[in-house]
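Positions are given from 1, in the same order as the sequence printed here. Note that the coordinates shown come from a computational prediction; the quantities given were computed from them, not determined experimentally.
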Amino acid sequence: MATAGVAVANGSGGADTRAAFKEIYSTLKEEMLEDPAFEFTDESLQWIDRMVDYNVLGGKCNRGLSVIDSYKILKGVDVLSKEETFLACTLGWCIEWLQAYFLVLDDIMDNSQTRRGQPCWFRVPQVGLIAVNDGIILRNHISRILQRHFKGKPYYVDLIDLFNEVEFKTASGQLLDLITTHEGEKDLSKYNLTIHRRIVQYKTAYYSFYLPVACALLLAGENLDNFGDVKNILVEMGTYFQVQDDYLDCFGDPEFIGKIGTDIEDYKCSWLVVQALERTDEDQKKILFENYGKSDPACVAKVKDLYKELNLVVCPDRYVLIIYSEVSM
């Protein structure tokens with residue numbers, strides 16, 4: 001039941017749910033600004049206030065809202081009590097905080113320009129590499145929110161373990177992504193579907209799809225060890241999501257997706273380049289090897305033209321189920 005429900009619930013969030021979710025964000029942020037563990041100056045308070053709003057807000061909040069919707073399905077109700085709503089929303093915001101932490105650091109590592117339709121945080125005037133410390137603060141906020149609102153709950157330790165485990169998987173996936181695309185060691189021959197799958201599974205799928213449902217399961221008093229099949233299905237969903245994201249990075253409208261795609265320039269092991277490597281003849285492969293990973297717009301254009309020539313401009317839906325079913329067998 002949980003699996004089917006999650007597929008429907010992921011990212012839905014009715015108007016009432018969204019309103020409650022937004023209201024609880026203000027409460028949680030205020031608690032972080034009033035945290036007695038540090039003697040904030042007025043300047044540092046203003047900085048954190050602005051930094052949290054800039055990085056935690058602005059997304060679609062699909063991950064956070066999925067906690068609430070999944071919890072409703074697990075409880076078999078349409079309306080949660082006030083306390084249940086607060087706890088589910090709080091866990092949802094912890095995931096949104098985690099997402100913000102990842103993105104702040106990811107944008108620095110990828111030297112990205114925009115995120116969610118605005119300059120990446122580190123590119124904001126006077127921020128720069130202070131953003132690294134801001135990312136650390138965002139991650140620490142999660143621990144403090146969990147401690148404040150869940151310490152004493154029978155599943156508190158499981159929540160801490162869950163967030164730590166997912167963070168480790170995500171950071172490890174990011175490492176694999178970075179060293180696979182390491183400057184000075186560019187080698188497209190290393191790229192294949194297996195490597196791509198491993199990167200996206202750990203870098204994206206666990207925190208984007210499994211974590212929200214796992215939080216709801218713990219909130220409902222369930223043992224995560226009993227839901228291995230749910231985890232596997234959600235990780236598959238997350239892998240497919242990243243394939244779509246790879247496609248949009250290249251062919252999506254920046255005004256629509258909220259960022260300027262740089263996978264080609266950054267030499268990313270994306271779904272598109274993996275597919276291209278499998279489909280090119282020797283002449284086409286030469287074009288790919290000569291132009292992939294270069295920031296020159298002319299080189300980027302040649303790669304995109306090659307993708308179109310290989311019919312990869314078609315949205316990946318038609319390919320993914322076949323490709324990934326083969327890998328999973």
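Applying the ring pair (Phe, Tyr, Trp, His ring centres under 6.0 Å) test to Phe150 and every residue at least two apart in sequence or in another chain returns nothing. Remark: Gln147 pairs with no residue by the side-chain hydrogen bond (donor to acceptor under 3.5 Å, both in side chains) rule, at least two apart or across chains.
In summary, the aromatic rings of Trp271 and Tyr240 are positioned with their centroids too far apart to meet the 6.0 Å limit. With ring centers used as reference points, Tyr267 lies under 6.0 Å from Tyr191. For Tyr25 and Phe21, the gap between ring centers reaches or exceeds 6.0 Å. Taking the centre of each ring, His149 and Phe86 come in below the 6.0 Å mark.
Both tests pass for Lys169 against the ring of Tyr206: distance under 6.0 Å to the centre and angle within 45° of the axis.
Note: Phe40 and Phe38 have perpendicular aromatic rings, judged against thresholds of 30 and 60 degrees for the angle between ring planes.
Ion pair Asp107/Arg123 not flagged as a salt bridge, since none of the NZ, NE, NH1 or NH2 atoms sits closer than 4.0 Å to an Asp/Glu carboxylate oxygen.
Atoms CG and CH2, from Leu57 and Trp93 in turn, are 5.0 Å apart once rounded to the nearest 0.5 Å. Atom OG of Ser44 is separated from atom CD1 of Ile137 by 8.5 Å, given to the nearest 0.5 angstrom.
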Which donor-acceptor pairs under 3.5 Å do side chains of residues 287-294 form with protein atoms, sequence neighbours excluded?
from   : atom 1 : to     : atom 2 : distance (Å)
Asn291 : ND2    : Ile287 : O      : 2.8
Tyr292 : OH     : Lys268 : O      : 2.6
Lys294 : NZ     : Glu290 : O      : 2.7

Discussion item. Could you walk me through whether Met32 and Ile145 satisfy the side-chain contact (heavy atoms from CB on, under 4.5 Å) test, starting with their C-alpha distance in whole Å, then the side-chain angles of each, then the deciding distance to 0.1 Å, before giving a yes or no?
Written reply: CA-CA 8 Å; Met32 294 302 96; Ile145 291 170; 3.8 Å; yes

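Across all non-hydrogen atoms, the minimal contact from Leu105 to Val132 is CD2-CA, 3.9 Å.
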